[in-house]
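Report on one structure; see the data block that follows.
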Amino acid sequence: MIRTRPELWISLIFPKASQHHLDLFCQWLFWAFLVDDEFDDGPAGRDPLMCEAAITRLVDVFDGAAPHGPMEQALAGLRERTCRDRSPQWNRQFRRDTAAWLWTYYAEAVERAAGQVPSRVDFVKHRRDSVAMQPFLDLHEITAGIDLPDSARSLPAHIALRNAVTDHSGLCNDICSFEKEAALGYEHNAVRLIQRDRRSTLQEAVDEAGIQLARIAERVVRAEKELIEEIDAAGISASTRAALERCVQDYRGLVRGDFDYHARAERYTRPDLVELDARNSMSQYFAA
């Protein structure tokens, strides 16, 4: 986790966060990376029944069930400190995005057990949830001091903007994670799927992924423009307009911060440091 540097990522994507929010969001990211490593690398990610039980418990705890074990207790504490002062619509969004992320690990466990790999089209949809950026876009509203109504969240361009930001993060992560994940036999990676689909070399697959990354950046810019047009067309109130404009302002910096993070954290720059013999070390903390 020292090599992962969650504090670097949070500070880069939320550069104006208060110390309180920096601490809280770093704790969320720390917890999320532990979950990610367990289900990507550990036994729970290779046993669908074990994975289903663990994810069910985590979602139940998020919904208010009594926690058992360190990971559930940490989640309960994070949820309480994050959600208690937020609106019902924000809490619905955050719960939906967090649960959708967690259940992607079950989908991957089942595909592994069945000897399947997703198509590239299906993987893009899957990765939009599995990269876990959507919950952090929800957390952005806290540090930005905004709380979007459901009507604003339902604007097509706002959805498109969030999806483009999330897709950029997922593909950037896959490009930078490929070597580490290949060493662990992990197949749910965009670069690996390009390589399999095209029967190309690794460098050719990385090059194509880089071209796709640039195209996603163009989608971010296009969605920003369309969102401003939709705000005008919908006759949105001044306060909601200001909140959406804050998203437009901050999301581009968030994309850049996420990109810079992947170039600096040893989790991605030093794939040779992967701890192949420690993949089971976290499992005990997921047990009740």
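Quick note: numbers below take in every heavy atom, side chains included, and nothing from hydrogens, waters or symmetry partners. Please read these numbers as outputs of a predicted model, since none were measured by experiment.
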Mind checking whether [X] and [Y] have side chains closer than 4.5 Å, heavy atoms only?
| X | Y | answer |
| --- | --- | --- |
| D138 | R162 | yes |
| N163 | I159 | yes |
| M1 | L34 | yes |
| I216 | R219 | yes |

Where is the tightest heavy-atom contact between [X] and [Y], given as atom of each residue plus distance?
| X | Y | result |
| --- | --- | --- |
| E230 | A157 | OE1-N, 3.0 Å |
| V61 | A66 | CG2-O, 4.1 Å |
| A160 | A223 | C-CB, 4.1 Å |
| V191 | A205 | O-CB, 3.7 Å |
| I13 | L254 | CG2-O, 3.7 Å |
| A44 | A109 | O-CB, 4.4 Å |

side-chain contact (heavy atoms from CB on, under 4.5 Å) partner of L24, chosen from L139, T143, T82: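 Going through L139, T143, T82 one by one, the side-chain contact (heavy atoms from CB on, under 4.5 Å) with L24 is satisfied by T82 alone.
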Candidate pair I228 and E245, rule side-chain contact (heavy atoms from CB on, under 4.5 Å), full reasoning: CA-CA 8 Å; I228 297 302; E245 288 175 345; 4.3 Å; yes
Contacts of F25 that satisfy ring pair (Phe, Tyr, Trp, His ring centres under 6.0 Å) - sequence neighbours left out: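 Residues passing ring pair (Phe, Tyr, Trp, His ring centres under 6.0 Å) with F25: F14, H21.
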Under the ring pair (Phe, Tyr, Trp, His ring centres under 6.0 Å) test, residues paired with H262 that sit two or more places apart: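 Result, ring pair (Phe, Tyr, Trp, His ring centres under 6.0 Å) vs H262: Y268.
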Pair listing, salt bridge (Lys or Arg N to Asp or Glu O under 4.0 Å) test, anchored in residues 59-71, at least two apart: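 Qualifying pairs, neighbours excluded: D63-R95.
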Pairs where residues 7-30 contributes a residue and the test salt bridge (Lys or Arg N to Asp or Glu O under 4.0 Å) is met, not counting sequence neighbours: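 Matches after skipping sequence neighbours: R5-E7.
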Residue pairs involving residues 218-260 (criterion ring pair (Phe, Tyr, Trp, His ring centres under 6.0 Å); sequence neighbours excluded):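 The answer is H140-Y251.
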Ring pair (Phe, Tyr, Trp, His ring centres under 6.0 Å): pairs with one or both residues in residues 98-119, sequence neighbours excluded: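 Sorted result for residues 98-119: F39-Y105, W101-Y105, W103-Y106.
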Exercise: do T104 and D129 side chains pair donor with acceptor under 3.5 Å: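 No, because no side-chain N or O of T104 sits under 3.5 Å from a partner of the opposite role on D129.
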Does [X] come within less than 4.0 Å of [Y], counting only side-chain N to carboxylate O?
| X | Y | value |
| --- | --- | --- |
| R241 | D232 | yes |
| E204 | R198 | no |
| R128 | D167 | yes |

Just by modelled atom types, is the [Y] backbone N or O under 3.5 Å from a matching donor or acceptor in the [X] side chain?
| X | Y | result |
| --- | --- | --- |
| R246 | A144 | yes |
| D174 | N189 | no |
| N91 | R86 | yes |

is_close_aromatic(W9, F136), centroid dist under 6.0 Å: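 Yes: the rings meet the under 6.0 Å criterion.
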L137 with L78, same ILVMFWY side-chain cluster at under 4.5 Å: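 Looking at the clustering, L78 is in the same group as L137.
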Under the rule for side chain to side chain contact (heavy atoms under 4.5 Å, CB included), what residues qualify as partners of [X], not counting sequence neighbours?
| X | answer |
| --- | --- |
| P135 | F94, D97, T98 |
| V255 | V165, H168 |
| D197 | R120 |

Members besides V117 in its Ile/Leu/Val/Met/Phe/Trp/Tyr cluster (side-chain heavy atoms under 4.5 Å):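 For the cluster that includes V117, the remaining residues are F123, L193.
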Atom CZ of R81: over 12 foreign heavy atoms under 6.0 Å: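 Atom CZ in R81 is crowded, with more than 12 foreign heavy atoms closer than 6.0 Å.
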F33, CZ atom: more than 12 neighbouring heavy atoms under 6.0 Å: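 Correct, the count exceeds 12.
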Partners passing salt bridge (Lys or Arg N to Asp or Glu O under 4.0 Å) against E218 (at least two apart in sequence or in another chain):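 So E218 forms no salt bridge (Lys or Arg N to Asp or Glu O under 4.0 Å) with any residue.
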What donor-acceptor contacts under 3.5 angstrom involve side-chain atoms of residues 148-155, with partners at least two apart or in another chain?
unit_1, atom_1, unit_2, atom_2, d
D150, OD2, R92, NH2, 2.7
R153, NE, L148, O, 3.2
R153, NH1, E141, OE2, 2.7
R153, NH2, E141, OE1, 3.1
R153, NH2, E141, OE2, 3.4
R153, NH2, L148, O, 3.2
S154, OG, D150, O, 2.8

From R196 atom CZ to I194 atom CD1, the distance as rounded to the nearest 0.5 Å: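 Those atoms lie 13.0 Å apart.
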Step-by-step side-chain contact (heavy atoms from CB on, under 4.5 Å) determination, E108 to S130: CA-CA 10 Å; E108 292 185 12; S130 72; 4.2 Å; yes
